[in-house]
Asks: 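Got a structure here, written out as structure tokens. Questions coming.
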Amino acid sequence: MAIQNVMVIGAGQMGSGIAQVCAQAGFNVKLNDMKKEAYERGIAGITKNLSRNVEKGRMTEEEKTEALNRITSSLDLQDAHDVDLVIEAAVENMEVKHSIFKTLDEVAPKHAILATNTSSLPITEIAAATNRPAQVIGMHFMNPVPVMKLVEIIRGLATTDEVYKAVEDMTVKLSKTPVEVEDFPGFVANRILMPMINEAIFTLQEGVASKEDIDEVMKLGMNHPMGPLQLADFIGLDTCLYIMEILHDGFGDSKYRPSPLLRKYVKAGWLGKKTGRGFYEYS
Ligand code: CAA
Ligand code: NAD
């Protein structure tokens with residue numbers, strides 16, 4: 001199963017990072033978004049990251065230009081007609097993902113693998129929107145994609161070994177480390193990370209300490225690179241809430257109930273770094 005042509009859906013913080021690492025590794029990438037401005041923001045971020053790599057001597061100006069030339073813009077899912085692999089990184093919402101996967105199944109070549117970067121939604125349920133569940137798989141990158149080494153690879157109930165192997169090989173070509181995970185709510189990364197973030201928000205809600213001090217405790221006390229509230233802002237509070245809801249619904253255990261303060265912030269549109277305000281303010 002040779003992969004050369006890739007489509008990445010969603011040019012937000014994850015999709016643009018995925019497109020960047022694919023282009024750097026020599027794959028041709030169609031970067032798709034429903035909004036032209038999102039594509040433009042995404043490609044501007046990629047250009048900035050690659051320029052930094054040139055400044056730091058990690059790549060030449062020529063390699064940067066070649067990588068950028070491998071990325072083309074797409075505003076229409078019909079452009080998936082000639083790709084070998086799709087990596088979907090649109091919003092964390094089952095209805096949106098179902099609609100995207102249904103269209104992709106109609107448009108993409110028969111051999112194409114349809115992967116999703118979902119943080120927590122069941123792969124098997126996403127696959128059920130298609131007539132090719134054997135070729136649907138989770139490919140969960142971590143944020144920021146160009147820096148973080150891990151990719152969780154999640155099999156749906158029907159995913160074949162051949163498809164798993166093709167995605168595992170691709171992950172290694174992207175200089176990432178694959179870890180095989182079964183299709184359970186939150187997989188491994190978010191089942192462990194998100195309850196910690198949610199607990200930090202409860203700690204803030206109950207007035208146990210200020211936001212700065214909660215983050216300081218986890219940074220200095222546990223050597224985490226970011227405090228949990230700063231990390232929640234970085235991930236996106238909407239994404240954090242979706243993930244907690246998936247854990248809560250999936251396990252039916254009250255230990256996963258999302259903090260009311262998290263819900264309040266999301267309702268206010270304070271989604272973190274991407275909207276300029278979350279627990280902290282960003283200029
Ligand atoms: N895109 C590309 N590169 C980035 C970046 C971004 N968004 N943010 C930082 N970098 C690069 C910087 O350019 C810098 O590179 P150089 O080697 O060229 O200097 C390097 O990363 C280090 O950055 P900084 O010195 O600015 O800051 P830092 O040392 O604090 O590192 C960080 C930044 C890597 C983001 C670090 O704070 C960190 O590891 N934070 C935790 C990240 C984390 O936990 N990610 C997982 C989130 S959960 C998830 O992704 C799963 C999910 O489903 C929600
Ligand atoms: P984001 O909000 O930064 O970007 C999402 C992008 O998808 C936006 O540009 C939006 O215009 C686009 N989009 C929405 N619907 C679309 C559609 N139907 N067709 C094409 N484009 C569409 O979100 P993000 O943080 O990049 O997250 C994307 C996915 O990656 C989510 O499933 C999320 O759970 C997952 N994820 C997020 C993180 C994180 O730390 N933020 C980490 C790992 C995985």
Side-chain angles (χ1 to χ4, degrees), residues 7-21 24 30-43 45-59 73-77 79-80 86-104 115-121 123 126 138-152 154 186-194 196-197 215 218-219 223-228 230-247 271-275 278:
M7 176 183 256
V8 177
I9 299 177
Q13 51 181 347
M14 295 305 291
S16 60
I18 296 168
Q20 178 186 326
V21 295
Q24 276 183 263
K30 292 184 186 184
L31 179 53
N32 172 281
D33 204 289
M34 61 199 291
K35 294 187 195 143
K36 192 159 175 274
E37 316 81 77
Y39 171 80
E40 280 161 4
R41 240 190 342 265
I43 204 76
I46 295 171
T47 308
K48 191 169 152 224
N49 288 343
L50 294 179
S51 299
R52 188 174 169 83
N53 283 342
V54 174
E55 275 162 35
K56 292 241 162 179
R58 288 191 287 246
M59 71 192 315
S73 105
S74 159
L75 292 170
D76 188 347
L77 290 182
D79 295 333
V86 179
I87 307 175
E88 173 276 322
V91 284
E92 190 72 348
N93 177 300
M94 185 55 93
E95 272 176 36
V96 174
K97 293 202 194 289
H98 254 203
S99 149
I100 291 174
F101 273 73
K102 193 170 176 299
T103 306
L104 288 175
T116 171
N117 181 53
T118 178
S119 295
S120 59
L121 293 168
I123 307 303
I126 295 174
M139 202 175 178
H140 184 209
F141 291 81
M142 302 293 128
N143 188 11
V145 179
V147 179
M148 306 300 280
K149 288 281 169 218
L150 176 72
V151 178
E152 285 187 304
I154 307 111
F187 314 132
V188 172
N190 283 319
R191 181 168 176 175
I192 298 172
L193 173 70
M194 221 31 91
M196 181 195 73
I197 288 179
D215 279 346
M218 298 306 285
K219 278 196 286 186
N223 245 356
H224 289 191
M226 283 176 168
Q230 191 190 0
L231 184 56
D233 274 359
F234 180 63
I235 291 168
L237 301 190
D238 51 343
T239 302
C240 293
L241 180 57
Y242 282 133
I243 297 170
M244 284 313 298
E245 280 170 343
I246 294 289
L247 289 171
L271 305 184
K273 213 173 167 199
K274 64 183 169 187
T275 57

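Remember, it's 1-based here, ligands and their atoms both numbered in the order they're listed.
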Asks: Identify, by atom number and element, the atoms of ligand 2 in contact range of T239, meaning under 4.0 Å from any of its heavy atoms.
Replies: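 This gives 34 (O) as the contact atoms.
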Asks: Check ligand 1 against the protein and report each N/O to N/O distance under 3.5 Å, formatted as atom name, atom name, distance.
Replies:
residue, atom, partner, partner atom, Å
ligand 1, 13 (O), R52, NE, 2.9
ligand 1, 17 (O), R58, NH1, 3.2
ligand 1, 18 (O), R52, NE, 2.9
ligand 1, 18 (O), R52, NH2, 3.2
ligand 1, 18 (O), R58, NH2, 2.7
ligand 1, 19 (O), R52, NH2, 2.8
ligand 1, 19 (O), K56, NZ, 3.2
ligand 1, 45 (N), N143, O, 2.7
ligand 1, 50 (O), N143, N, 2.8
ligand 1, 53 (O), S119, OG, 2.9
ligand 1, 53 (O), H140, NE2, 2.7
ligand 1, 53 (O), N190, ND2, 2.8

Asks: For A90, is at least one N or O under 3.5 Å away from an N or O on ligand 2?
Replies: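 So ligand 2 has an N or O lying under 3.5 Å from an N or O of A90.
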Asks: At a 4.0 Å threshold, what atoms of ligand 2 neighbour a non-hydrogen atom of N32?
Replies: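 Contacts of ligand 2 toward N32, numbered from 1: 20 (C).
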Asks: Tell me the protein heavy atom at minimum distance from atom 17 (C) of ligand 2, and give that distance in Å.
Replies: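 The closest one turns out to be M34 SD, 3.6 Å.
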Asks: Is E88 in contact with ligand 2, taking contact as a heavy-atom separation below 4.0 Å?
Replies: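 Checking ligand 2 against E88, which is what was asked, there is no heavy-atom contact under 4.0 Å.
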Asks: List every atom of ligand 2 that sits less than 4.0 Å from any heavy atom of H140, numbering the atoms from 1 in the order shown and giving each element.
Replies: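 Within the 4.0 Å cut-off of H140, ligand 2 contributes 43 (C), 44 (C).
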Asks: Tell me whether N143 has any N or O atom under 3.5 angstrom from an N or O of ligand 2.
Replies: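 By distance alone, the answer is yes.
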Asks: Suppose I only count heavy atoms of K97 and a 4.0 Å limit; which atoms of ligand 2 are within that range?
Replies: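 Counting from 1, the qualifying ligand atoms are 32 (O).
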Asks: If we only consider heavy atoms of A89, is any one of them less than 4.0 Å away from an atom in ligand 2?
Replies: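 For ligand 2, residue contact (heavy atoms, under 4.0 Å) with A89 is present.
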Asks: Go through ligand 2 atom by atom and flag the ones less than 4.0 Å from a non-hydrogen atom of K274.
Replies: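 With K274 as reference, the close atoms of ligand 2 come out as 2 (O).
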Asks: Would you mind checking which non-hydrogen protein atom is closest to atom 27 (O) of ligand 2, with the distance to 0.1 Å?
Replies: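 Atom 27 (O) of ligand 2 sits closest to the protein heavy atom M14 CG, 3.9 Å.
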Asks: At a 4.0 Å threshold, what atoms of ligand 2 neighbour a non-hydrogen atom of A38?
Replies: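 Counting from 1, the qualifying ligand atoms are 9 (O).
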Asks: With heavy-atom distances below 4.0 Å as the criterion, list the atoms of ligand 2 near E92.
Replies: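 The atoms of ligand 2 under 4.0 Å from a heavy atom of E92 are 31 (C), 32 (O), 33 (C), 34 (O).
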Asks: Find all atoms of ligand 2 within a distance of less than 4.0 Å from any non-hydrogen atom belonging to S119, and give their numbers and elements.
Replies: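 Per the distance check, 33 (C), 34 (O), 35 (C), 36 (N), 37 (C), 43 (C), 44 (C).
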Asks: N/O to N/O below 3.5 Å, does that happen between I235 and ligand 2?
Replies: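 Among all N and O atoms of I235, at least one is under 3.5 Å from an N or O of ligand 2.
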